[in-house]
Each structure stands twice: as structure tokens, then as C-alpha cells.
Amino acid sequence: MKLLKTSNVSEKLDEHFEEVSAVETEEFSPEVIDGEADVRVNSGIEDCESAFLKLPERNPIFGRVLLEILEEKGITTNYPSIGFYITAKKNYLYYVLEQKDISMPETVIAASENSAKNVTRYLELPIIAKRYEENQLEESARLEDEQEAKEFAEGTDYGEDILIFQEETGDEKYKVFYANGNIISLKDKTEGWRVSDEKLQYSNLSNELEELVETTMKSIGTEYGEVILKGGKVIDVKPNPDPEVYADKSGKDAFKYIKEIYQ
């Protein structure tokens with residue numbers, strides 16, 4: 001099986017495919033050719049059956065269009081267009097999770113300073129607040145009172161920033177790699193409310209949490225991603241886990257699990 005991948009993907013993935021060619025992300029983009037949507041890529045997408053992409057989360061629409069074109073060509077990718085779009089666009093992610101009754105903390109999404117004014121009326125303190133700019137996390141804080149909430153929202157630009165407010169949940173924190181039903185879970189052993197990469201330790205999830213991860217990914221409609229758990233609830237889902245970290249920490253072959261997506 002010939003695989004086309006973006007060059008920001010580890011070479012360890014290459015061991016599981018007969019032939020692999022890499023292309024820079026900026027060279028792998030949708031465009032209109034002869035009036036029809038197509039893909040521009042210097043290495044020739046036509047010869048590939050599969051593609052493994054690590055697309056930038058800052059531009060969900062770009063990623064969705066690109067993946068839709070690949071899907072129309074019959075090329076299998078690590079995540080479908082809608083799955084990437086949902087996990088990259090955070091305000092839409094939490095809407096989908098709520099609609100699918102996924103267990104997560106009470107959440108409020110605000111797109112402006114004005115809309116965030118009364119967040120403490122809807123959520124119990126303390127609140128975990130996150131500010132996203134161009135779909136990239138720029139700031140996070142634990143808010144203890146209404147004044148701190150107002151200060152956190154100051155300067156939010158409508159149409160550019162997204163504020164996510166969530167009630168603080170329990171202490172146990174996990175980062176979970178998911179590929180084609182395979183799960184690798186790493187427990188965050190650091191203290192405090194933040195989920196960190198500093199002290200990750202391989203640790204199996206309970207059956208209940210494994211089921212939560214599986215249900216979450218199915219609700220999004222993707223076979224690949226990373227689920228962040230805290231206090232037994234989903235606090236985030238990301239499109240681009242680092243399989244090398246999960247393999248190193250767990251001793252499991254995360255790249256083999258990725259290969260199964262294409263079988």
C-alpha cells in the first residue's frame with residue numbers, strides 16, 4: 001500500500017507501509033483546476049491509495065475542504081473531513097458533544113467580551129477558562145470569582161477569539177490516543193488543574209472510561225484523535241495526537257494501530 005504523508009509526521013510510520021512519500025503541508029492544498037475542486041501536491045496524489053495528514057488546527061475550513069476532495073477521490077485518510085473540522089473548531093466541538101450527550105463538564109462558549117459577562121450565572125465556581133485565537137489555545141486560567149471572569153474576557157475580539165468556560169471537574173487526568181478502536185491511555189501525574197505533558201505515565205482506563213472514549217470518537221465520526229479526560233469527563237478532543245509519545249510511554253506500537261485505519 002502506497003501512503004502519502006505530510007512531512008511533519010514521524011518516520012516511524014513508514015515501517016508499516018510498503019511505500020511512503022512525504023510532502024510539505026503547504027504544498028498539499030486544495031485548488032480549483034478546470035473549474036473543479038482538486039488537490040495540488042508536487043508528489044502526485046493520483047498514485048496513492050491512502051494519506052496520513054497532520055493538518056494545522058488553526059484553519060479548520062482549509063482542512064475540511066482538502067479532506068473532502070481526497071474522499072471524493074477514494075483516498076483513505078486518518079481522519080474524515082467532518083471529524084477534523086469538529087475537533088479543530090472548538091466552539092463546534094462542544095456543541096456536538098452536548099448534542100450527543102457525551103459526559104463533559106458544564107460548558108459555556110462565548111465569542112465576545114459582552115457575551116461572557118454573566119458566565120458565573122450559568123456555571124459554578126471555580127471555572128476553567130480557555131481563550132482560543134485562530135483555533136489555537138493562547139491562554140487558560142482557573143477563575144475563582146466573577147471579577148476574574150470579567151478580566152479574563154477583556155479584549156476578546158468577536159469573530160477572532162473564542163472563549164471556553166467549563167466548571168472544574170475531578171482530579172484524575174488522562175490523555176488518550178485513539179486509532180481504529182485501539183486505545184492507549186497516559187495518566188497525567190502532575191498536581192493542579194492543568195493537563196500537562198510533563199509527567200505522563202502509562203495507565204489503563206476503567207471499562208467505563210474506555211467506553212466514554214469510544215462513544216466520544218464515534219459521536220464525532222472519526223477513527224483517529226486524542227481525547228482529554230479529567231474527573232471522568234471529556235474536557236477536550238484533538239485531531240493530532242503524537243503517536244511517538246504514546247508509543248514511548250506505553251511500550252505499545254501506536255503506529256501499528258494507525259496502519260489498521262487503512263485496512
Side-chain angles (χ1 to χ4, degrees), residues 1-28 39 41-45 47-57 63 66-67 70-71 73-88 173-188 195-205 209-210 212-218 220-229 236-263:
M1 179 185 296
K2 183 176 181 180
L3 179 78
L4 181 68
K5 70 172 188 178
T6 46
S7 58
N8 54 2
V9 174
S10 170
E11 293 182 357
K12 292 184 178 180
L13 181 63
D14 301 5
E15 302 170 9
H16 297 277
F17 291 85
E18 297 172 2
E19 184 179 354
V20 177
S21 57
V23 61
E24 297 293 332
T25 307
E26 57 268 22
E27 296 176 353
F28 196 5
V39 175
V41 57
N42 290 346
S43 57
I45 189 68
D47 299 329
C48 294
E49 303 170 356
S50 309
F52 186 91
L53 315 177
K54 185 178 179 182
L55 297 177
E57 298 172 46
L66 172 59
L67 290 163
L70 295 180
E71 288 165 0
K73 290 177 173 290
I75 296 170
T76 304
T77 60
N78 47 308
Y79 31 51
S81 56
I82 187 63
F84 173 78
Y85 183 79
I86 291 172
T87 51
K173 301 175 288 187
Y174 290 93
K175 302 187 74 172
V176 186
F177 172 90
Y178 183 91
N180 193 47
N182 296 291
I183 289 174
I184 302 175
S185 51
L186 303 180
K187 188 171 186 178
D188 175 5
V195 179
S196 170
D197 293 332
E198 293 181 4
K199 294 182 179 180
L200 294 175
Q201 178 181 310
Y202 175 61
S203 178
N204 287 325
L205 297 177
L209 288 182
E210 281 200 0
L212 175 59
V213 170
E214 182 85 26
T215 303
T216 299
M217 299 304 282
K218 287 183 176 179
I220 293 169
T222 184
E223 291 291 339
Y224 183 72
E226 182 178 49
V227 179
I228 312 300
L229 303 172
D236 200 358
V237 185
K238 301 180 179 182
N240 297 313
D242 187 339
E244 198 159 0
V245 169
Y246 282 92
D248 289 345
K249 295 289 185 180
S250 69
K252 294 187 175 184
D253 192 345
F255 297 96
K256 177 184 176 183
Y257 295 158
I258 291 173
K259 170 69 178 298
E260 293 180 9
I261 296 174
Y262 303 94
Q263 295 175 339

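More than 12 heavy-atom neighbours from other residues, nucleotides or ligands sit within 6.0 angstrom of CD on Q263. Remark: E11 CD is loosely packed, at most 12 non-hydrogen atoms of other residues, nucleotides or ligands lying under 6.0 Å away.
Not a single salt bridge (Lys or Arg N to Asp or Glu O under 4.0 Å) links K199 to another residue, sequence neighbours left out. Partners of Y262 by ring-ring contact (aromatic ring centres under 6.0 Å, His included), not counting sequence neighbours, listed by chain and number: F17. With sequence neighbours excluded, the residues forming a salt bridge (Lys or Arg N to Asp or Glu O under 4.0 Å) with E214 are K218, listed by chain and number. Taking Y224 as the reference, F52, F177 meet the ring-ring contact (aromatic ring centres under 6.0 Å, His included) condition, with sequence neighbours excluded. Scored by the side chain to side chain contact (heavy atoms under 4.5 Å, CB included) test, Q201 finds K189 as partners (sequence neighbours excluded).
Inter-residue side-chain proximity for L209 and V176 is flagged as unmet; no heavy-atom pair is nearer than 4.5 Å. Annotation: side chain of F84 is not in contact with side chain of T77 (no heavy-atom distance under 4.5 Å). With a 4.5 Å cut-off on side-chain heavy atoms, L212 and L205 do not count as touching. You'll find the side chain of I75 stays beyond 4.5 Å of the side chain of L4, heavy atoms only. When side chains are defined from C-beta on, K175 counts as touching D197, because their heavy atoms get closer than 4.5 Å. Residues T87 and E57 fail the side-chain proximity criterion, which asks for heavy atoms closer than 4.5 Å.
Taken to the nearest 0.5 Å, the CG atom of N182 stands 9.5 Å off from the CD atom of E223. To the nearest 0.5 Å, atoms NZ (K73) and CD (E49) are separated by 14.5 Å. With rounding to the nearest 0.5 Å, the separation of NZ in K5 from CG in N78 is 12.0 Å. If you take CG on D236 and OG1 on T216, they are separated by 11.5 Å, rounding to the nearest 0.5 Å.
When only modelled atom types and interatomic distance are considered, N180 and Y178 share no side-chain donor-acceptor pair under 3.5 Å.
Listed here is the closest heavy atom pair of S21 and C48: OG-SG, 4.4 Å. Of all heavy-atom pairs spanning K12 and F255, the tightest one is CB-CE1, 3.7 Å. Heavy atoms only, all atoms of each residue included: E226 and P241 are closest at CB-CB, 3.7 Å. Contact record, K249 with L186: CB-CD2, 3.6 Å, taken as the closest heavy-atom pair. Of all heavy-atom pairs spanning Y79 and T222, the tightest one is CB-OG1, 3.6 Å. Nearest heavy-atom pair, D188 versus V195, reported as atom, atom and distance to 0.1 Å: OD2-CA, 3.4 Å.
N240 places no side-chain N or O within donor-acceptor distance of the main-chain N or O of P56, the cut-off being under 3.5 Å. In this structure a side-chain-to-backbone donor-acceptor pair under 3.5 Å is missing from E210 to I183. Listed for the S185 side chain is a donor-acceptor partner under 3.5 Å among the backbone atoms of S203.
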Take V237 and M217 through the side-chain contact (heavy atoms from CB on, under 4.5 Å) test and state the conclusion after the steps.
CA-CA 9 Å; V237 185; M217 299 304 282; 4.1 Å; yes

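Checked options L13, V9, I258, D14; the residue passing with L3 is L13 (criterion: side-chain contact (heavy atoms from CB on, under 4.5 Å)). Results of the side chain to side chain donor-acceptor pair (under 3.5 Å) test with K252 over Y202, Y257, Y246 single out Y202 as the only residue that passes.
Here salt bridge (Lys or Arg N to Asp or Glu O under 4.0 Å) pairs that include residues 253-263, with residues two or more places apart or in two chains, number zero.
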